[in-house]
Amino acid sequence: MNKKLPHTLIILLGPTCVGKTSLSIRIARLFETEIISCDSRQLFREMAIGTAVPDKVLLENIPHHFIQTHSIFDIYNAAKFEAEVLDKLRHMFEIHDFVVMTGGSMLYIDAVCKGIDDLPDIEPELRTALSERMQKEGIEQLRAELKLLDPAYYREVDLRNPVRILHALEICYTTGKSFSSQRSKTVKKRNFRIIKIGLNLDRRELYDRINRRVDEMMIAGLEQEAKNLYPHRHLSTLNTVGYRELFDYFDGHCSKAEAVEKIKSNTRKYARKQLTWFRKDTDIQWFHPNQEEEIVQLISNYG
RNA sequence: GGUGCCAUAGCUCAGUUGGUAGAGCAACGGACUGAAAAUCCGUGUGUCCCUAGUUCGAUUCUUGGUGGCACCA
């Protein structure tokens with residue numbers, strides 16, 4: 001391959017359970033390259049079964065990055081992911097023209113492709129204090145505070161969404177400046193080419209696959225995995241489909257069968273939410289997961 | 001075979017003293033730059049089983065069907 005051509009990041013994305021993993025491995029093998037996982041939950045080594053981490057055999061065949069590399073006890077977010085992936089890509093592009101990134105974490109994909117604003121980390125104490133105030137004083141009080149500190153953001157933010165209010169206040173208090181003044185809203189330049197390949201299935205088939213995979217996770221021991229994590233259930237990372245429903249069951253709020261049904265239902269909702277996000281991204285070229293030849297052809301055209 | 005009950009959204013069901021209907025679940029859509037598998041917002045999608053009557057008007061009342069369930073034979 002011609003080394004003078006720009007390096008290319010091939011992003012395989014799509015809703016959960018659509019078949020991204022197996023296709024990404026075949027494509028990575030064909031182009032003799034490696035895979036970056038873009039999955040905000042497979043990052044954590046404590047959550048293997050519930051996040052559908054690929055088989056060891058598959059992982060050993062093709063080098064994977066960002067799978068089970070972090071701990072649920074670490075603070076992690078899309079900005080850290082952006083920085084770590086860009087750093088990794090620098091090294092990978094020294095030996096590969098193509099790198100495959102695969103996953104369905106929408107914000108994380110955007111962070112890698114478009115960048116994310118440079119904001120300071122939030123002290124855990126501040127986060128806790130503001131959350132407690134939200135509980136005690138109610139959202140109205142914090143809204144009023146945001147109106148004083150950052151009237152511009154107050155005007156455009158979804159005032160009913162507590163997480164948005166809290167985060168804006170966190171940034172205001174940490175930096176001493178308004179949140180809106182630090183939002184660049186600009187797309188960062190990348191020195192590599194990006195091809196976004198979207199995978200989608202007929203809705204019925206996607207749901208069948210999701211339902212089946214949840215059953216398989218239960219057989220594989222998801223309940224025990226969740227039980228081991230139960231003591232840490234208040235970590236935000238464990239506020240994840242597949243775990244929180246089982247925590248409810250452990251707490252006696254529902255039967256095991258109801259928890260499993262709830263996992264399926266919430267996974268289907270998650271898939272829909274992913275599709276809503278991807279739908280507005282006009283850079284994505286859509287395929288059926290079995291259109292492997294067409295996808296390979298498309299990538300080859302860029303080489 | 002006889003008698004009784006039921007038939008309304010994808011499912012379970014409510015309701016209309018006659019003015020074409022609504023809950024839960026499911027489904028569907030949207031927002032979203034540092035918790036993102038998170039968080040937040042929105043949408044009822046219908047030959048009210050069919051037929052013939054009564055009526056200005058029938059999903060509702062009446063006749064006759066069809067299907068289901070129960071009981072009696």
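All chains are named by letter (A, B, ...) in the order of the sequence lines, taking the proteins before the strands, and each is independently numbered beginning at 1.
Figure legend: A:R233 and A:Y230 shown as a cation-pi pair, the cationic atom lying under 6.0 angstrom from the six-membered ring centre and within 45 degrees of its axis.
Cluster membership for A:Y76 and A:L238, using ILVMFWY side-chain heavy atoms within less than 4.5 angstrom, is shared.
Within 4.0 Å (heavy atoms only), A:R164 reaches at least one base atom of the nucleic acid. Nucleic acid contact for A:D121: base, since at least one base atom lies under 4.0 Å from a heavy atom of the residue. A:K114 comes within 4.0 angstrom of nothing in the nucleic acid, heavy atoms only. Using a 4.0 Å heavy-atom cutoff across all strands shown, A:Y207 reaches sugar-phosphate atoms only and no base atom. Note on A:R203: only backbone sugar-phosphate atoms sit closer than 4.0 angstrom, heavy atoms only; bases stay farther off. If you check every strand for non-hydrogen atoms under 4.0 Å, A:S105 touches sugar and phosphate atoms only. At a threshold of 4.0 angstrom between heavy atoms, the contacts of A:T186 include nucleobase atoms, whether or not backbone atoms are also involved. Residue contacts for A:G242: at a heavy-atom cut-off of 4.0 Å it reaches no nucleic acid atom on any strand shown. Counting any heavy atom pair closer than 4.0 Å across all strands shown, A:Y108 reaches sugar-phosphate atoms only and no base atom. Looking at heavy-atom distances under 4.0 Å, A:S265 makes contact with sugar-phosphate atoms alone, never a base.
Counting side-chain heavy-atom gaps under 4.5 Å among Ile, Leu, Val, Met, Phe, Trp and Tyr, the cluster of A:L130 also holds A:L119, A:I122, A:L126, A:M134, A:I139, A:L142, A:L146, A:L149, A:Y153, A:Y154, A:V157, A:L159, A:I165, A:L166, A:L169, A:I171, A:Y173, A:F179.
Residue A:R160 places its side chain closer to B:C41 than to any other of B:U39, B:C41, B:U33. For A:R41, taking side-chain heavy atoms from C-beta onward, the closest of the listed nucleotides B:U39, B:A26, B:A38 is B:A38.
Taking the nucleotide of RNA chain B with the nearest heavy atom to each of A:M217 and A:Y153, the more 5' of the two is matched to A:Y153. Nearest-nucleotide positions on RNA chain B place A:K269 closer to the 5' end than the other of A:K80 and A:K269.
Per the geometry, NZ belonging to A:K273 stands 6 Å off C1' belonging to B:A38, to the nearest Å.
Checked for salt-bridge contact, A:E145 and A:R133 meet the test: a charged N lies under 4.0 Å from a carboxylate O.
Listed pair A:K280 / B:C32 meets the phosphate criterion, a side-chain N or O lying under 4.0 Å from OP1 or OP2. Regarding contacts with the backbone of B:A26, every side-chain N or O of A:R268 stays at 4.0 angstrom or more from both OP1 and OP2.
Results of the side-chain hydrogen bond (donor to acceptor under 3.5 Å, both in side chains) test with A:T16 over A:R268, A:K273, A:R213, A:Q274 single out A:R213 as the only residue that passes.
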